[in-house]
Amino acid sequence: MDRVLLRRDGAAVTATACGDDGTPGAVTRLAPDELPGWVAARERAAPVRWVWDDTTRWYPALLDAGVRVQRCTDLRLAAAVLRRSPLAGPVPAADPGWAALQPVTADDPALFDLADPADALDPVAEHRRQQAAVAASAHRGRLGLLLAAESSGALAAAEMTWAGLPWRVDEHGRLLTALLGDRPPPGLRPPVLERLAGEVRAALRAPDLNPDSPAAVLRALQTAGLPVEDTRSWTLERVEHPVVAPLLEYKRLARLLAANGWSWLDTWVHDGRFRPVFLPGGVVTGRWASSGGGALSVPVQVRPAAVADEGWRLVVADVAQLEPRVLAGMSRDGALAEAARAADLYAGMVAAGVVATRAEAKVGVLGALYGGTRGESGRVMPRLARRYPRAIGLVEDAARAGERGAVVSTLLGRGSPSPRGAWAQRDADLGEAPEPGGRDTDRARRSWGRFTRNFVVQGTGAEWALCWLADLRNRLWRLGEGRLDRRPHLAFFLHDEVVVHTPAPLADEVAEQVRQAAAAAGRLLFGDFPVDFPLDVAVVRSWADAG
DNA sequence: TCATACAGCGCC
DNA sequence: AAAGGGCGCTGTATGA
């Protein structure tokens, strides 16, 4: 496939044809306003992979010009993966400028800023270096897939920000008013919160208490004789006192107001769209982060406001129990895969007689993934280890590796960071089994082991989701015609859930493609190993109607 | 006055 | 019911 590397050159853009090994060939110089048309023409002519320093610096302008590209290599993201990947071949380190490069946002003038640090980097050299690192890898298939998926994610992220999630300000406002009362002037509490604050103060005989101050609330609770050490909801729920009910209600509604109230609407919703910035690779495990509007934690409470346009639908799909399924696949644990054959993996475990109840299954699996050893989860673990030795062995190995300061890897080769801190330094220097340390050292060690245990599963889960998203993106494109936002398109992505905005007549076809993309992602990562990734798919007007 | 830390809670 | 992993965001509190 043709590779074309784009770079800025003063006011112009140069497009360099590259071989698969990154060897530069013919160069075309373009004025910036020629670029979209030229890219569109190349896209129409033949498959091409666009190579650029950073998708956030190139793609939004192309989308604004009505140009969608099929595939790219994002050198910034690829450099970040290769820098940590144990699977990368031995090549010289990248220019440290690549690690320092930050993504830019739409209102950021960086693309036309002469001081953009991206311009000091040599994308041709970095591309050759990266291609060499993949070519020299003992697992070039996996690593190449990871880089392609990461880059596809960057395209999908930019497209989702560009299209936005349809959001009804009127619906959201109605919801807020119903729960909080009318919108107050700036600096004042809405009526319902003001009333609850009064009830809390009365119950604690603390007329000046600010219920938004955890420290002040804690002092007031202790003064009233309540045996609490913090003011967390679940702590309060275990206490009997007249203040508990109004205080919990206050906290619930104050949270809604602060995180997703009227000022959230003013700030993040414009022209009927919520447009968060998605940051692919923003989390060490490979999950996406986001910036602006708390996109990855939009509460269920306000999802009724996400409503498809007139004549359109939302297709909402999520994977049930993604991580244990991924664990079954990556460890090739046939027994766990068998349990995963059921739509509900936990029910599958009960059916196989591993545990007595679904609740037990869930607590045990979560303990295996997160490193829970105490209580219920500690009691179930030995049974899981007996029945699912490969799966449990894999996460236990990852935990032990982390505890001795070693690096672990996802299926496709994303490496965990090296631990910081004295305990890890010493082990790394000695290159041998650690001496027993003090209590704090042991705690830090076990804590890092829980991180690496979870890293391999969460990270491989993120890889599955990336493959799903990348394939779905292309399937959706083929379903329609014209501009991206006139066709079925991705509108939101949340770790293991996607929201597609589609013309209503295509909704059922979209649902089918979402399922096929999930099956394809499973085959891509796990080949013929029989592990299912069943989806809950809903065709709805409002996000709140899914699930 | 500004920057940073912490508490708390939303999501997966 | 939480625990155990990963985040972002908001308010208050604190310290320069």
Side-chain angles (χ1 to χ4, degrees), chain A residues 187 189 193 209-219 228-238 247-248 250-261 263-264 267-268 276-303 318-324 326-327 359-360 362-381 395 398-399 402 408 410 414 416-417 443 446-462 464-465 492-498 543 547:
Chain A
R189 290 191 176 89
L193 278 185
L209 177 67
N210 172 12
D212 293 318
S213 167
V217 170
L218 181 59
R219 281 193 299 273
V228 292
E229 295 300 323
D230 58 61
T231 69
R232 295 189 185 101
S233 295
W234 77 270
T235 302
L236 297 173
E237 277 161 14
R238 297 145 56 121
L247 182 52
L248 287 174
Y250 181 91
K251 286 158 74 80
R252 193 175 70 84
L253 292 175
R255 164 81 194 177
L256 170 66
L257 174 68
N260 297 97
S263 53
W264 182 89
T267 309
W268 299 113
V277 176
F278 294 96
L279 300 170
V283 177
V284 280
T285 58
R287 275 189 178 179
W288 290 11
S290 73
S291 157
L296 301 186
S297 55
V298 174
V300 173
Q301 221 174 3
V302 299
R303 293 185 189 182
D318 72 295
V319 204
Q321 303 128 2
L322 173 61
E323 290 179 354
V326 160
L327 175 58
E360 223 178 8
K362 184 172 180 177
V363 113
V365 167
L366 292 182
L369 298 182
Y370 295 146
T373 52
R374 301 203 312 242
E376 181 69 18
S377 124
R379 282 195 291 281
V380 181
M381 273 290 277
V395 289
V408 297
T410 61
R414 195 184 303 267
S416 65
R443 186 175 303 152
R446 281 195 301 272
S447 169
W448 195 258
R450 287 193 296 275
F451 166 64
T452 51
R453 168 197 295 270
N454 185 249
F455 180 94
V456 295
V457 182
Q458 186 184 121
T460 306
W464 181 91
F492 214 73
F493 172 62
L494 261 156
H495 308 307
D496 61 2
E497 176 173 1
V498 296
W543 193 5

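Just so you know, these numbers use all the heavy atoms, side chains as well, and skip hydrogens, waters and symmetry mates. All chains are named by letter (A, B, ...) in the order of the sequence lines, taking the proteins before the strands, and each is independently numbered beginning at 1.
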Taking [atom1] from [X] and [atom2] from [N], how many angstroms apart are they, rounded to a whole number?
| X | N | atom1 | atom2 | answer |
| --- | --- | --- | --- | --- |
| A:Arg414 | C:dG6 | CZ | P | 15 Å |
| A:Trp448 | C:dG6 | CH2 | C1' | 12 Å |
| A:Leu279 | C:dG8 | CG | C1' | 11 Å |
| A:Asn210 | C:dA13 | CG | P | 7 Å |
| A:Arg189 | C:dT12 | CZ | C1' | 12 Å |
| A:Lys362 | C:dG4 | NZ | C1' | 14 Å |
| A:Trp268 | C:dG8 | CH2 | P | 13 Å |
| A:Leu256 | C:dC9 | CG | P | 17 Å |

So does [Y] get a backbone contact from the side chain of [X], meaning a donor-acceptor N/O pair under 3.5 Å?
| X | Y | answer |
| --- | --- | --- |
| A:Ser213 | A:Asn210 | no |
| A:Lys251 | A:Thr231 | yes |
| A:Trp264 | A:Gly293 | yes |

For [X] against [Y], the heavy-atom pair lying closest together:
| X | Y | result |
| --- | --- | --- |
| A:Phe278 | A:Phe493 | CE2-O, 3.5 Å |
| A:Val284 | A:Pro417 | CG1-CG, 4.2 Å |
| A:Val228 | A:Leu218 | O-CD1, 3.8 Å |

Which part of the nucleic acid, if any, lies within contact of [X], taking any heavy atom under 4.0 Å across all strands shown: a base, the sugar-phosphate backbone alone, or nothing?
| X | answer |
| --- | --- |
| A:Gly282 | nothing |
| A:Gly294 | sugar-phosphate |
| A:Gly461 | nothing |

Closest to the [X] side chain, choosing from [options]:
| X | options | value |
| --- | --- | --- |
| A:Phe451 | C:dG4, C:dT12, C:dG6 | C:dG6 |
| A:Ala289 | C:dG8, C:dG6, C:dT12 | C:dG8 |
| A:Ser377 | C:dG6, C:dA13, C:dA3 | C:dA3 |
| A:Arg450 | C:dG4, C:dG6, C:dA3 | C:dG4 |

Practice problem: May I ask you to verify if any side-chain N or O of A:Ser213 is less than 4.0 angstrom from the OP1 or OP2 atom of C:dG11? | Solution: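 Answer is no, no contact under 4.0 Å.
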
Exercise. Using the closest heavy atom to pick a nucleotide of DNA chain C for each, name whichever of A:Glu237 or A:Asp212 lands nearer the 5' end.
Key: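 Its nucleotide being nearer the 5' end, the pick is A:Glu237.
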
Quiz item: Between A:Glu376 and A:Asn454, which has a closest nucleotide on DNA chain C that is more 5'?
Solution: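 By nearest-heavy-atom nucleotide position, the 5'-most residue is A:Glu376.
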
Exercise. Sugar-phosphate means primed atoms, P, OP1 and OP2; the rest is base. With that split, encode nucleotides 6-12 of chain B 5' to 3' as B, S or - using protein heavy atoms under 4.0 Å.
Key: -SBBBSB

Quiz item: Using the ring of each side chain (for Trp, its six-membered ring), is A:Phe451 parallel, tilted or perpendicular to A:Phe455, with breaks at 30° and 60°?
Solution: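 Answer is perpendicular, since the angle exceeds 60°.
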
Exercise. Please assess A:Glu323 against A:Arg287 for the test salt bridge (charged side-chain N to carboxylate O under 4.0 Å, His left out), listing each intermediate value before the final yes or no.
Key: CA-CA 13 Å; A:Glu323 290 179 354; A:Arg287 275 189 178 179; 3.4 Å; yes

